[in-house]
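Structure first, commentary second.
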Amino acid sequence: MSMATKNTEKISPSPSLIKRGSARPYDPSLTEEKIYKAWERAKAFQPAVKKPRGKKSFSIVIPPPNVTGSLHMGHALNASMQDALIRYHRMKGDDTVWIPGMDHAGIATQNVVEKQLKKEGLTRHDLGREKFIERVWQWKGQSGTTISKQLRRVGSSCDWSRERFTMDKEYVRAVQEAFIHYAKKGLIYRGDRIVNWCPRCASSISDLEVKHEERDGLIYNLIYPLVDGSGSVVVATTRPETMLGDTAVAVYPSDGRYQELVGKKIKLPLTNREIPIVADHAVDKTFGTGAVKVTPAHDQTDWEIGERQKLQVINVIGEDGKMTQAVGLEYVGLPTSEAREKVLQKLQELQLLKGEPEKIRHNVSLCDRCSTVIQPLVSKQWFVKMGPLAKPAIIVAEKDLINFEPQRWKKVYLDWLTGVKDWCVSRQLWWGHQLPVWYCQTGRMTNDDKRMIKTNGHVVFSSVKPKKCLDCGGTDFIQDPDVLDTWFSSALWPFAVFGWPEMTDDLARFYPTSVLATARDIMALWVTRMVFSGLEFTDKNKYLPAKQYGKKNLSQQIPFKNVIIHPTVLNLKGQRMSKSLGTGIDPIDLINQYGADAVRFGLLIQTQQDQQALRFDENAVRVGRNFANKLWNIGKYIGSAKKAKTAPTLFDNWILQRLETVSEEVTVALDEFRFGDATRMLHAFIWDEFADWYIEVSKVPGLTSANVAKDVFKKCLVLLHPFMPFVTEELWKDFGDKKGMLINTAWPKFAKSRKKEIKEIKYFQAIVGELRSIRNLLGIPNGTKPVILLQTERNLKPLWPAIAQLSNFSEVVEKENGAKWVSLPATYCSKIALTTETLSTLPLKERLITMESDTKKAQEEIIKLEQRLIQMGDKAPVNVVQQQRELLVAKKLDLEKQQNGITALDTLIKRI
RNA sequence: GGGCGCAUAGCUCAGUGGUAGAGCGUUGCAUUCACAUUGCAAAGGUCGAAGGUUCGAUACCUUCUGCGCCCACCA
């Protein structure tokens with residue numbers, strides 16, 4: 001490597017790109033990475049070491065993405081919102097922190113690694129648990145940084161020094177602590193329950209991890225003979241093989257057809273068993289024959305009937321999806337599909353099938369992760385009792401101690417918690433938090449571990465292997481092989497990230513958090529569980545049972561004050577963005593193409609209140625990119641102007657007042673989480689008012705002050721920074737205070753505007769607009785700059801140079817100084833006129849047609865107004881009538897001026 | 001089956017009991033100008049349908065239609 005190359009590499013940090021006379025347009029790829037690094041170097045994302053006195057804290061915990069995940073548009077939107085809030089509050093001077101991190105995502109991650117193994121022809125069982133977990137950690141190390149890198153690309157100002165992972169040592173401790181606490185409190189139990197079993201994952205999965213799909217199937221009618229030979233009952237099923245596990249036939253209690261049969265017994269075909277006919281309300285008497293076979297072991301509803309009717313439970317399908325020993329030699333070991341064929345064949349032989357099977361479209365339950373058909377079955381699982389936990393979580397929402405945005409989500413939250421069933425928390429996976437449950441192999445237990453508690457059946461709850469059994473002194477323990485549901489650990493996220501169960505400084509300082517921003521699909525799965533976990537575990541950070549659910553107490557324990565449920569990002573056709581469907585867009589591709597500022601801005605500007613879906617339009621990102629470029633060019637232009645302190649002009653005062661208003665509106669919008677409004681307002685103000693009017697006027701000498709232009713621009717950069725952090729930070733090098741970076745600059749305070757100048761400027765703008773229209777209408781070539789005669793209601797003489805410049809006339813005059821003037825159609829001006837000389841060179845004939853059609857429209861409007869006034873009579877409020885009358889007068893005047901203009905032109909044409 | 005949301009310009013969406021708005025797209029004009037990732041101008045809408053309330057409804061109420069989402073045990 002030559003010395004020269006080395007030297008060039010050392011040239012950095014550099015002055016701003018503007019000063020280096022950068023090529024246009026603005027190129028985000030030259031700035032974004034450098035700026036992000038500069039922020040990190042400056043530790044700009046970290047709060048002060050100690051909490052500053054008298055400062056409010058503002059904290060957000062990121063919804064932890066799956067460790068194997070990569071950024072999708074939903075994440076990008078999620079991050080853009082959170083970062084906007086974080087940057088805003090940081091600038092406001094709040095004690096601000098944004099905690100990043102990742103979720104180990106039990107099933108999802110395990111599946112990914114299992115798929116890899118499959119390619120090598122291996123299963124996890126070939127490796128064994130330890131090796132397999134090692135392998136998952138390896139994969140985590142490999143892919144786990146992807147999403148955090150991507151979050152950095154977006155510009156997320158997370159405090160990476162506080163990054164957390166749900167499988168970190170400290171976090172594991174929190175999870176164990178929580179489980180053991182529930183156990184001590186008697187909220188944990190183990191039982192045989194019907195669960196959704198995924199034969200492929202070989203694990204139980206929660207209701208929320210099950211998806212439903214409509215499929216075609218066959219429904220068979222089976223004939224069940226009565227024991228006493230007095231007849232038979234016909235039952236329908238889509239899964240004939242489960243009949244081997246039937247332990248009853250159920251009918252609706254008041255169903256006349258079967259009244260006499262209730263209490264009688266059925267001789268269950270293909271088995272030696274006799275099963276009762278029971279009456280249960282769960283039966284729909286209008287469906288099929290009104291009699292239903294009951295298989296408590298393999299159907300959710302049947303399980304519930306079984307509970308009520310005290311029925312026997314016979315497991316006929318095993319965890320491997322094959323028939324169990326319980327069915328007899330003929331079927332044992334058969335996959336359900338084969339067992340079905342065999343059962344049908346047998347029944348056919350016995351003439352116990354009634355008619356041909358019918359086609360039916362029905363819902364099939366599938367595993368959300370691997371789309372395998374769910375097999376409901378009974379197995380031993382650990383449960384958390386939900387009743388006592390849900391109650392306070394319901395109360396805090398009912399008392400509005402949590403603010404949902406949009407509000408209607410409160411109902412969804414409450415509905416879910418109100419109907420919640422006990423939570424099956426055990427999963428038969430290897431990747432996750434292994435249950436802190438130990439089974440004493442000898443029978444006695446000791447209590448030398450503080451956290452060890454005795455339960456029935458020689459079970460010890462402990463984070464470490466117990467040393468001795470309390471009762472029998474046994475030292476032989478086996479840990480339960482199951483792991484906890486991933487959501488069990490995510491539920492602790494808002495406080496576990498701060499070091500709970502230790503009473504850390506961070507926990508005291510940042511908990512409860514300020515805002516939780518998430519997509520709506522994990523409302524039930526996650527938000528509700530964080531709330532009840534928070535209420536349970538953060539009572540003065542001792543996580544003891546909160547005895548009183550008083551308002552004061554609870555509000556300190558709710559993990560967040562605001563829940564923002566943001567829209568799902570869809571594509572333009574309204575389809576879900578999905579990699580597998582090929583309907584997804586990679587945000588990183590967009591960032592590469594347009595820059596992070598553009599992507600953030602483009603996403604946020606498309607959001608609005610109460611929206612449930614966002615149809616992502618790449619055009620919005622282009623708007624963002626163009627806007628960044630516009631800022632860049634404004635910067636170049638204003639930066640080159642000479643500094644000259646002058647007394648504020650009319651235009652100065654106007655733009656300053658508008659700025660105050662916009663500052664206030666943007667601030668309020670941010671406080672109310674209206675990101676779309678905030679970005680739209682800034683875009684409109686900076687582009688349509690500041691650039692198109694103020695800066696254009698500034699090209700006329702003496703009408704504006706350079707220092708005001710700079711001040712306004714500077715404030716614009718501050719206001720825009722939460723949304724477009726990079727380009728604003730880059731420009732700050734030229735416009736900001738020499739001392740610090742924009743990220744640390746104070747959010748502007750605003751004063752009420754007086755609005756006097758605003759009316760004046762509006763009038764000015766209307767006149768310029770009218771003149772520009774006339775230019776276009778008459779087809780005056782751009783190169784031609786005629787003199788124009790103008791008479792206006794207000795005295796605008798000082799602004800004439802500006803009017804001339806902006807509407808592209810050489811000069812504005814007010815008196816008919818000898819030349820021959822022809823009046824033109826006008827609305828805002830009392831009189832607009834051009835010389836015959838100018839007009840005679842123009843294609844007036846064609847233009848007249850357009851003008852005449854315009855007058856027709858005006859006439860129609862007048863008629864409409866007149867009719868409306870008649871209709872109103874004296875029934876409408878006086879002020880409204882008055883307003884309409886004034887409107888009518890104005891319209892009539894406009895029409896008259898237009899008609900005069902047309903007549904004048906017409907005369908002119910005839911003369912020429 | 002229960003619940004929720006949406007329907008306004010070609011597209012994505014604001015909005016209001018009394019002139020229908022933006023961005024993108026389209027059309028025309030403009031390139032020695034900070035910016036063509038630009039500027040100026042313009043065209044474009046029975047505000048999903050039907051009733052009701054009202055002097056007046058795109059807006060408020062009811063029903064319907066279409067689309068989307070969530071929850072649920074239909075064999």
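Chain identifiers are assigned alphabetically (A, B, ...) following the order of the sequence lines, protein sequences preceding nucleic acid strands; residue numbering begins at 1 within each chain. Any value given below was found using the heavy atoms of this structure, including those in side chains, with hydrogens, waters and symmetry copies removed.
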For the side chain of A:E696 and the base of B:A34, is some donor closer than 3.5 Å to an acceptor across the two? yes
I want to confirm an ordering. Mapping A:E304 and A:K411 to their closest nucleotides on RNA chain B, which one lands closer to the 5' end? A:K411
To the nearest angstrom, how far is A:L806 atom CG from B:G39 atom C1'? 11 Å
Sort out the partner of B:C69 for me: Watson-Crick or G-U wobble, both distances under 3.5 Å, none otherwise. B:G3
What is the nucleic acid contact for A:D692, judged by heavy atoms within less than 4.0 Å: base, sugar-phosphate only, or nothing? sugar-phosphate
Tell whether A:K891 reaches the base of B:U19 with its side chain through a donor-acceptor pair below 3.5 angstrom. yes
Taken to the nearest whole Å, NZ/A:K785 to C1'/B:A30 is 13 Å
Looking only at atom types and distance, does a side-chain atom of A:E241 sit under 3.5 Å from a main-chain N or O of A:V343, one as donor and one as acceptor? no
Would A:W632 and A:Y26 satisfy ring-ring contact (aromatic ring centres under 6.0 Å, His included), going step by step from the backbone distance to the final call? CA-CA 6 Å; A:W632 189 250; A:Y26 171 65; 4.9 Å; yes
Expressed in angstrom and rounded to an integer, what is the separation of A:D280 atom CG from B:C73 atom C1'? 11 Å
Heavy atoms under 4.0 Å, any strand shown: does A:W409 hit a base, just sugar-phosphate, or nothing? nothing
Answer yes or no: is there a donor N or O on one side and an acceptor on the other, between the side chain of A:R622 and the main chain of A:G602, under 3.5 Å? no
Evaluate the side-chain proximity of A:V708 to A:Y694: yes if any heavy-atom separation is below 4.5 Å, no if none is. yes
Would you measure the distance from the P atom in B:U53 across to the matching atom in B:U62 and give it in whole Å? 15 Å
Say whether A:T568 and A:R520, considering side chains only, have a donor N or O and an acceptor N or O under 3.5 Å apart. yes
Checking base pairs now: Watson-Crick or wobble, both atom distances under 3.5 Å. What partners B:A41? B:U27
Test item: A:Q606 side-chain N/O and A:L614 main-chain N/O as donor-acceptor pair under 3.5 Å: no
Specify the residues of residues 771-781 of chain A, ordered by number, for which at least one heavy atom lies under 4.0 angstrom from an atom of RNA chain B. A:R772, A:S773, A:N776
